Chemist: 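I am attaching a structure below and will ask some questions about it afterwards.
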Amino acid sequence: MHEHDVIVVGAGGAGLRAAIAAQKAGADTAIVTKLHPVRSHTGAAEGGINAALREGDDWELHAYDTMKGSDYLGDAPAIETLAQDAPEDVIRLEHWGMPFSREEDGRVSQRPFGGLSFPRTTYAGAETGHHLLHTMYEQVVKHGVQVYDEWFVSELAVTDHDDPEDRTCHGVVGYDVQSGEVAGFKANQGVILATGGPGQVFDHTTNAVSCTGDGQAMAYRAGAPLEDMEFVQFHPTTLPSTGVLISEGVRGEGGILYNEEGERFMFEHGYANNEGELASRDVVSRAELTEVNEGRGVNDEYVHLDMRHLGEERIMDRLENILHLAEDFEGVDGLVEPMPVKPGQHYEMGGIETDENGETCINGLYAAGECACASVHGANRLGGNALPELIVFGKRAGKHAAGEDLGEAEITTGRTDETEPGEVDSPVSLGAVDSSDEDAVADGGAVTGESVVEQAVDAQKQRVEQLLEKDDGVQHAEIRERLQKAMTENVNVFRNEEGLKTALREIRKAREDYQDVYVDDPSRTFNTDLQQTIETRNLIDIAETITLGALARDEFRGAHWRQEHQERKDDEWLKHTLISWDEGSPDLWYKPVVLEGENKTYEPKERSY
Amino acid sequence: MSTQDASAETEDAQTEPSTGSAHQDRRMREKRERQAERDEQAQADAEAAADEEAVQLKVFRYDPEVEGKQEPRFDDFHVPFEKGMTVLDALIYARDHFDSSLTFRHSCRQAVCGSDAFFVNGSQRLGCKTQLVELEEPVRIEPLPHQDVVKDLVVDMDHFYDQMEAVEPYFQEKEEDLPDAEGLEEQRQSPENREKIKMSSRCIWCGACMSSCNIAAGDNEYLGPAAINKAYKFAMDDREGEDLKQHRLNILEQEHGVWRCQTQFSCTNVCPKDIPLTEHIQELKREAVKNNLKFW
Amino acid sequence: MSQSYNRGLVEDFGRWKEFSAGMWAWIFHKFTGWVLIGYLFTHIAVLSTATEGAATYNNTLGGLEDLLIVRVLEVGLLAVAVFHILNGVRLLMVDLGVGLESQDKSFYVSLVVTAVIVVASVPTFLSGVGA
Amino acid sequence: MAERYSSFDRGGTRWLLQRITAAFLIVVLAFHFFQLHFVTHAYEIELAGTEARMQNPAYFATMVLFLVTAAFHGINGVYNALVNQGIEGTQKTVVKWGLIAAGIVLVAQGIRVATVMAGVSIA
Ligand SMILES: Cc1cc2nc3c(=O)[nH]c(=O)nc-3n(C[C@H](O)[C@H](O)[C@H](O)COP(=O)(O)OP(=O)(O)OC[C@H]3O[C@@H](n4cnc5c(N)ncnc54)[C@H](O)[C@@H]3O)c2cc1C
Ligand code: HEM
Ligand code: SF4
Ligand code: F3S
Ligand code: FES
């Protein structure tokens, strides 16, 4: 068993930042990650990182924009923390050597981004995430944080109290991909989950193959509720064949969207008369799909994004890698022709419920980054707001776990007197098919932290053994493919009741099939078959929470669009959806949104761009 | 030759993880039998598919634990071709449809994570960034040369990481010198200086360059093109100041540093991020000489 | 941790054709360099006969020059030297950071120019054998 | 980890000398070849001619310098090649001193021959 003060699971932007903060605060910190840190998907972020750095801008404007973008489903304390901390944290990155693009006077460059009232998206070429990730990994090396790379974390070691709020997380169980060894990691002070998004729930996504929502699923099964999972962002400009993202930066710099008839539809069809192409992502995605559905799409599949008028010099300077992406993955030269684009899954606004210090309702369990939901993004994330979230909340979680005092959190976690139960009409039964082997929480009355971890390790060994032992049945790839198809067909940008129910049936089927899953590769060495089989289980759990939340929420807010319910219902729905894994069955409940900020209360307004 | 070493090694390898369980042996045996059946099935599928447009892959297979794979071999896969298909797409298809034990690293599918550098038709390339149409058939896919193979296309990257980290790849500024919250000002950097380090900062740690360099293959201690390029990024960044530049040049000037490079250019040829590696290395050699002259 | 298979020699087997221009240039340069230093030693040894007096010197040199094989070897030496010089110039350019993009072309040029010079010099080198 | 590279042999000087000698050699070697194969044909060489050339102090100096640079360049080249091949420790030390000795012998013998040719009698 490995033992450290703080264990960080995941080494993307959030995980690395958390580890640096915890280590600097004096805690012996280790990172456990299924990919080597520099392989994390944060490296794919292109556009930039929002921070109010300049004269004429301030954190309150940033907070206001974010709240508006969230369609008033973000919690003010989290949003304000983000806006307040971002400038300092971005400048700190600069001091750590991050190669931001520069203005003539030597200051870092900023550009306009969708939904922002000030050009505050700080960028490093069109590869901001790459530089952010590498810069922070460099600091991790510098500070000597121990990194266990290619260790897949499969389960949390949590005590077995009935009420999740009484539970304590003592560590995690890891599986060494290279050797097949299962080992425990005991955390004396805290476990920070930073495992990124669950994009692989869908088949057309900008997310990496490794974005399988493991952290969310693990925390969920350990008793921490998942919040607002129905809010999934679909990015309006992804390449049709692969889902590779064409950054919003292209539109920020002046790129224009055209339909097949060559109309600038954002204006000509009235989707966003003021902001046009730079309207919020949900607005643009829906506009594109409407164009396609109404027969004005190119090849009935996509629309065109044109940046040729920007001129080669400007493109080479600021968007060079977009040219490479279009060329390598779609065979299109962005300098001579418009690029084909369509909406693709991009970001999960929801996640593990945390407060603004990254703490969940389980003692000693933290979450930060895309896998967490503090909630900063509410119903819709603004472009350039995820990277600051990584560093701001990663840092806070790290400090808090290491024992630094960040003050009392204003956001509550877990059930309080303000929460209300929810109900949803599901066509099939939900949750575990056979709850006996599904319960992640250690039972048997383990008391010491060590024994809790040991028990979890044993359980995990058994599970691995079982999977390897089984000789035939279904393979995970089949289940995964069907699940992804069902999700993309039914829980996409446009949602309706029937589709959502179909999806729930498919998810149920996937669960049942999964009972019969087997791993064909008998080897212990680098068994990706086994790893992906475990991940598929996580995808099923996540898909269920997304669909369930979507079915329950009968309104149209932010990224969540319902055919039968075309308006935002503030009276009824200014509340977060929470789903808890209650002894193997999902339990739906709600908690109110916090709109009271430091200096003012945010009044829900119509969101028009 | 080395194949014998490998099988000798695997003797104890087999007993180690299974802790001598008879069960695992049986399971392995059964798996092997079924494997044979499935191979036939896969072959039949493949032949059916070959009627349509199919691409033939020859993929390097090796697993220290699985009998029949301990001796490295090449497996054939016939993957139905689709427009725009990359080498990585084809591998994923082969894994998901023919043999789930086919093992390779991959993640982002968009040339930023650097996981999937392979040796494809005699050259180091990123699987996700290589279009099949550009390749001659059959497409031969091997793990990166000059690195230990862990399994199939997966190589041990530890040495590469060690070299990358050996050049002190981080800003040296002391954290204590930074004011904590307010008052933290950004440093200025001219757009020209940022432009100078632009290419060097694009490295995704894929290891293709290191694998292609003969010198690195012969001298395990040679820092290698990627690590030198990493150091270049720091040495050339004006924000760090002269003293640190000295320090960085000192690291690079070590016996196994820049002087090892014999300007073979293969690193530059294979780098998927088009980083002018040889140019950077040469520039550092000149810097180092200038630097020494100053001190004479 | 895990057991890995070191491909050792299997590695290099048959990899030559996968070499790129820069690698061939390196190999040729190495080879020619070694030949040249080897020759330098022999050369001085042969010339040392001068210390024994004019007759020995003249006989040795003349005798050697009478042999066709020596003449052929001299052509070879020329080829080696010319290539080493031209590629050496190429390398000096590379060291100065000039024309790195066309490093492969300059290698091919070195080869061609070497060939031309060598062919053109054959008459001179082979003239008067046995005279 | 950087400690692993703390060997003190910073190849910079030799690297530079290798380039400088190369540049010098281009000129002299071309001249040498031209002189002894095209101007005077190789088969016409007689000690008399050689002596005549060597008597010219400039030619003499050039040839000696030619010898010294070529010896340095060649021997340093061989040494680098061997080091690149991965020789280490004692082996490396032996090779190093062996090559230096060979170089000294070569240069000494060369100069001796040249002085003889220049007509200076040797004791
Ligand atoms: C193409 C693209 C472009 C984007 N552009 C922008 C942008 O311009 N601006 C912006 O603000 N945001 C952008 N985003 C969003 C933002 O990049 C992501 O939300 C963010 O990077 C997520 O970071 P993370 O640290 O939470 O997770 P990730 O970077 O995904 O890291 C997850 C980590 O967890 C590890 N992990 C996962 N599961 C396990 C497990 N079971 N065991 C052990 N380790 C595990 C992984 O190895 C990895 O290290 C973009 C996203 C995408 C996909
Ligand atoms: C005439 C012009 C010459 C030029 C321009 C030249 C150029 C070079 C250069 C640049 C190198 C270094 C290669 C490197 O380290 O990457 C080199 C190596 C070498 N040179 Fe020369 N050289 C010349 C003449 C000679 C002569 C006359 C000799 C023989 C005495 C010689 C013997 C060598 C040797 C042995 C090497 C080492 C090769 C190796 O790396 O294995 N060179 N030369
Ligand atoms: S320099 Fe290029 S080839 Fe080498 S590791 Fe970096 S990206 Fe890969
Ligand atoms: S291939 Fe190797 S020799 Fe130098 S130019 Fe590249 S590092
Ligand atoms: S899969 Fe990430 S670089 Fe190819």
Side-chain angles (χ1 to χ4, degrees), chain A residues 24 35-36 38-41 43-44 53 88 91-92 94-97 99-108 125 127 130-131 134 138-139 141-142 178-181 208-210 241-242 244-245 325 328-331 468-469 471-472 475 477 481 519-529, chain B residues 17-18 23-24 27-28 30-31 34 63-66 83-84 95-97 99-101 103-104 106-115 129 131 150-152 154 157 161 165 169-171 173 175 178 181-182 184-191 194 197-198 201-202 204-205 233-234 237 239-240:
Chain A
K24 283 213 300 202
L35 304 172
H36 182 278
V38 301
R39 318 275 175 231
S40 302
H41 204 52
L53 298 174
E88 183 208 328
I91 295 305
R92 195 167 296 274
E94 195 278 331
H95 278 271
W96 286 344
F100 284 107
S101 294
R102 298 284 169 165
E103 294 303 311
E104 277 311 315
D105 65 359
R107 308 215 292 176
V108 298
E127 54 229 7
H130 165 81
H131 293 309
H134 283 256
E138 287 160 15
Q139 291 298 311
V141 172
K142 178 178 176 187
Q178 282 231 358
S179 73
E181 180 198 347
V209 177
S210 63
S241 59
T242 47
V244 165
L245 179 84
L325 293 177
D328 295 336
F329 304 105
E330 200 70 42
L468 285 177
E469 201 145 314
D471 285 336
D472 53 62
Q475 292 204 305
E481 200 179 312
V519 175
D520 189 49
D521 188 347
S523 177
R524 306 240 163 206
T525 309
F526 226 97
N527 193 331
T528 48
D529 193 3
Chain B
S18 69
H23 170 77
Q24 191 179 8
R27 203 165 55 83
M28 292 280 201
E30 286 175 9
K31 294 239 174 193
R34 281 177 302 108
D63 187 321
E65 274 183 75
V66 176
K83 188 182 166 286
R95 180 195 65 199
D96 288 352
H97 293 89
D99 182 355
S100 64
S101 70
T103 307
F104 47 92
H106 66 299
S107 182
C108 68
R109 307 161 302 146
Q110 49 185 281
V112 297
C113 75
S115 324
K129 206 183 167 222
Q131 293 282 329
V150 176
K151 175 172 166 183
D152 293 354
V154 176
M157 296 287 285
Y161 296 146
E165 286 164 22
Y170 35 78
F171 260 43
E173 185 163 30
E175 204 62 40
L178 287 182
E182 263 106 275
L184 187 61
E185 279 276 339
E186 70 201 271
Q187 307 166 81
R188 302 295 172 104
Q189 183 185 25
S190 68
R194 141 85 197 180
I197 59 165
K198 179 173 98 180
S201 69
R202 293 210 169 144
I204 56 173
W205 296 43
K233 166 177 176 282
F234 287 95
D237 194 319
R239 286 177 288 174
E240 267 203 333

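By convention in this document, chain letters (A, B, ...) are assigned in the order of the sequence lines, proteins followed by strands, and residues within each chain are numbered from 1. This one's a predicted model, so the numbers in the text were calculated from it and none came from an experiment. FYI, side chains are in, hydrogens and waters are out, and symmetry mates aren't considered; it's all heavy atoms of this structure.
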Chemist: Taking side chain as everything from C-beta outward and backbone as N, CA, C, O, which of these in R109(B) sits under 4.5 Å from a heavy atom of chain A? Side chain, backbone, both or neither.
Modeler: both

Chemist: Counting heavy-atom pairs closer than 4.5 Å to chain B, which one of G180(A), A44(A), S241(A), G331(A) comes out on top?
Modeler: A44(A)

Chemist: Hey, could you give me the CD/CG distance between Q189(B) and D237(B), rounded to the nearest 0.5 Å?
Modeler: 4.5 Å

Chemist: What part of R202(B) lies closer than 4.5 angstrom to a heavy atom of chain A: side chain, backbone, both or neither?
Modeler: both

Chemist: By a 4.5 Å heavy-atom criterion (distance strictly below it), what part of A477(A) contacts chain B: side chain, backbone, both, or neither?
Modeler: side chain

Chemist: How long is the span from the OG atom in S190(B) to the CZ atom in R102(A), to the nearest 0.5 Å?
Modeler: 9.0 Å

Chemist: Given a strict heavy-atom distance threshold of 4.5 Å, which part of E127(A) is in contact with chain B: side chain, backbone, both, or neither?
Modeler: side chain

Chemist: Let me confirm one number: the CH2-OH distance from W96(A) to Y170(B), rounded to the nearest 0.5 Å.
Modeler: 14.5 Å

Chemist: For the atom pair NE2 (H95(A)) and CD (E185(B)), what is the distance rounded to the nearest 0.5 Å?
Modeler: 8.0 Å

Chemist: What distance do D328(A) atom CG and Q131(B) atom CD have between them, rounded to the nearest 0.5 Å?
Modeler: 8.0 Å

Chemist: Looking at M157(B), K151(B), R194(B), which makes the most heavy-atom pairs under 4.5 Å with chain A?
Modeler: R194(B)

Chemist: Using a 3.5 Å distance criterion without hydrogens, assess whether the side chain of R39(A) forms a donor-acceptor pair with backbone atoms of W205(B).
Modeler: yes

Chemist: Taking every heavy-atom pair that is under 4.5 Å apart, which of H134(A), H36(A), E330(A) has the most such pairs with chain B?
Modeler: H36(A)

Chemist: Out of D96(B), I197(B), T103(B), return the one with the most heavy atom pairs under 4.5 angstrom to chain A.
Modeler: T103(B)

Chemist: Which of the residues D105(A), L53(A), N527(A) is involved in the greatest number of heavy-atom pairs with chain B at under 4.5 angstrom?
Modeler: D105(A)

Chemist: Counting distance only, does the side-chain N/O of S101(B) pair as donor-acceptor with the main-chain N or O of D99(B) below 3.5 Å?
Modeler: no

Chemist: If I measure from the heavy atoms of chain B, does S210(A) come under 4.5 Å with its side chain, its backbone, both, or neither?
Modeler: both

Chemist: Below 4.5 Å from any heavy atom of chain A, which atoms of E186(B) appear? Answer side chain, backbone, both or neither.
Modeler: both

Chemist: Rounded at 0.5 Å granularity, tell me how far CG in D152(B) sits from OG in S523(A).
Modeler: 9.0 Å

Chemist: By a 4.5 Å heavy-atom criterion (distance strictly below it), what part of S101(A) contacts chain B: side chain, backbone, both, or neither?
Modeler: both

Chemist: Any chance you could lay out the salt bridge (charged side-chain N to carboxylate O under 4.0 Å, His left out) test for E94(A) and R239(B), step after step, and finish with the verdict?
Modeler: CA-CA 10 Å; E94(A) 195 278 331; R239(B) 286 177 288 174; 2.9 Å; yes

Chemist: Quick one: which of V141(A), L245(A), L325(A) has the most heavy-atom pairs under 4.5 Å with chain B, could you say?
Modeler: V141(A)

